[in-house]
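The next block holds one structure in the form of C-alpha cells; read it before the comments.
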Amino acid sequence: MMDVFRRAAAEFIGTFALIFVGAGSVLVAAPSPGAGNLEVALATGLVIAVMASAVGHISGGHFNPAVTLGFLVTGRLSPILAGAYWIAQFVGAIAGAALLKWIFTGEAQANLGAPAVGPGIEPEAALIIEAILTFFLVWVVFATAADPRGTFKSIAGLAIGLTITFDILFAGPLTGGAMNPARAFGPELLSNDWTDFWIWYVGPLAGGVLGAIAYEWLYLRPLSPPVVGPPETGVVEPRPGDTALS
C-alpha cells in the first residue's frame, strides 16, 4: 500500500501542476480575447513534459484519467492502482483549481480556465475533436513510454508534452484542448460551470481507450515489426538481397 501511495502522490503533484499552470495560463491570457493560445499551449505542454520526465519512472506520469484508463484496459495497470491514480488525479485537479480561485479574485476568476466550446462549434463536433486529440496523446504515450523499442523512451516526457502543445495550438479556440477529464473537472467544480461538461469526459475517455487498444494490438502483442539495427543491438540486419524488416 505504501508503494501505491507513493505512486499516487506523484500523480497528485503532476495533476496539480497541470491545473495550476495550464488553467492558470488561461486566466492570465483572459484579458486578451483571441490571443494567448500560443502561451497556453506552451505552458501546458511544458508543465506536462517536465512533470512526466520528473516522475515518469515512479508512476508513469499519467496525470490524466484517460491515459490511466488506456493502461487499465490493456492490462498494463492493476485496478487498485488505477483507482488510486484516478483519486489522486481528481483531487489534484480540485486542489489546483482551489488555489487559482484564491489567487484570482472577482471577474478575473472567470470559469477558472475550464475548457469551453468555441463559437460556431457544435457540441458533437467538439466531442469528436476531443476524442481524436486524446487518441493522438495516448498513442504517443504508448509509443514512447510503453513500447520498449520506443525511439524516444528516455525522453518520453518531451514527446508527450509536445503532443499536448500541438493539440492545444489547434483546438484551444475550438474546445479548450483539454484531452483530460481531470483538466476539466477541477475548474468546473470550483467555478460551478458545467456547460457541455460531458464533452470533456466522454471524448477523452473514448479516444484514450481507442488509442491504447490500437497501439497495443498493432505493435505490442507481440512486439512487431522487428526493429532492424546493428548487431550490438541484438537485432540482425538483413543480408544483401534480403527484404528489410523495418
Side-chain angles (χ1 to χ4, degrees), residues 3-4 6-8 10-11 14-15 18 44-82 84-86 88-89 130-168 170 177 179-182 203-238 242-246:
D3 184 59
V4 171
R6 287 171 174 166
R7 293 173 187 268
E11 288 296 305
T15 311
L18 167 63
T44 307
L46 285 172
V47 72
I48 289 297
V50 170
M51 285 296 170
S53 298
V55 299
H57 64 292
I58 297 172
S59 70
H62 296 186
F63 318 138
N64 185 336
V67 174
T68 300
L69 181 60
F71 277 78
L72 177 64
V73 299
T74 54
R76 294 181 171 273
L77 198 66
S78 72
I80 292 177
L81 195 55
Y85 278 21
W86 284 328
Q89 290 158 0
E130 284 290 317
I132 292 173
L133 297 183
T134 312
F135 179 97
F136 293 158
L137 173 60
V138 175
W139 179 273
V140 171
V141 170
F142 268 67
T144 57
D147 193 333
R149 307 158 303 166
T151 305
F152 303 105
K153 183 173 177 60
S154 60
I155 53 171
L158 178 59
I160 295 166
L162 288 174
T163 303
I164 290 173
T165 300
F166 74 65
D167 278 353
I168 295 177
F170 164 68
M179 302 161 280
N180 184 334
L205 292 174
V209 167
L210 290 174
I213 291 175
Y215 197 93
E216 180 77 17
W217 284 98
L218 282 171
Y219 305 117
L220 298 179
R221 295 191 179 184
L223 289 176
S224 61
V227 178
V228 174
E232 59 266 23
T233 66
V235 179
V236 180
E237 290 188 328
D242 288 349
T243 302
L245 297 175
S246 63

Q) Between atom CG of Leu158 and atom CD1 of Ile48, what is the distance when rounded to the nearest 0.5 Å? A) 13.0 Å
**Q.** Shortest non-hydrogen separation from Ala8 to Tyr85 and the atoms involved
**A.** N-CE1, 4.2 Å
**Q.** Shortest non-hydrogen contact from Glu216 toward Arg221
**A.** OE2-NE, 2.8 Å
Q: Could you check if a side-chain atom of Met179 sits within less than 4.5 angstrom of a side-chain atom of Ile164, using non-hydrogen atoms only?
A: yes
Q | Rounded distance [0.5 Å steps], OG1 in Thr134 versus CG in Leu210 | A | 10.5 Å
Q. In Å, rounded to the nearest 0.5 Å, how long is the span from CZ of Phe142 to CD1 of Ile213?
A. 9.0 Å
(Q) When you compare the side chain of Ser78 with that of Leu72, does any pair of heavy atoms fall below 4.5 Å? (A) no
**Q.** Nearest atoms (heavy-atom pairs only) where Leu205 meets Ala66
**A.** CD2-CA, 3.8 Å
Q. Would you say Tyr219's side chain and Ala143's backbone share a donor-acceptor pair under 3.5 angstrom?
A. no
Q.
Less than 4.5 Å apart, side chain to side chain, heavy atoms only: is that true for Thr44 and Leu18?
A. yes
Q) To the nearest 0.5 Å, what is the distance between CE (Met51) and CZ (Phe63)? A) 7.0 Å
Q. Does the side chain of Trp86 come within less than 4.5 Å of Leu69's, by heavy atoms?
A. yes
Q) Of all heavy-atom pairs between Pro65 and Asn180, which one has the smallest distance, and what is that distance? A) CD-OD1, 3.2 Å
Q | Distance-only side-chain donor-acceptor flag, Thr15 / Gln89, under 3.5 Å | A | no
Q. If you round to the nearest 0.5 Å, how far is CD1 of Ile160 from OG of Ser53?
A. 8.0 Å
**Q.** For Leu220 against Pro148, the heavy-atom pair lying closest together
**A.** CD2-CD, 4.4 Å
(Q) Please find the pair of heavy atoms, one from Ala10 and one from Val55, that lie closest to each other, and give the distance. (A) CB-CB, 4.0 Å
**Q.** Min side-chain heavy-atom separation Val141-Tyr215 under 4.5 Å
**A.** no
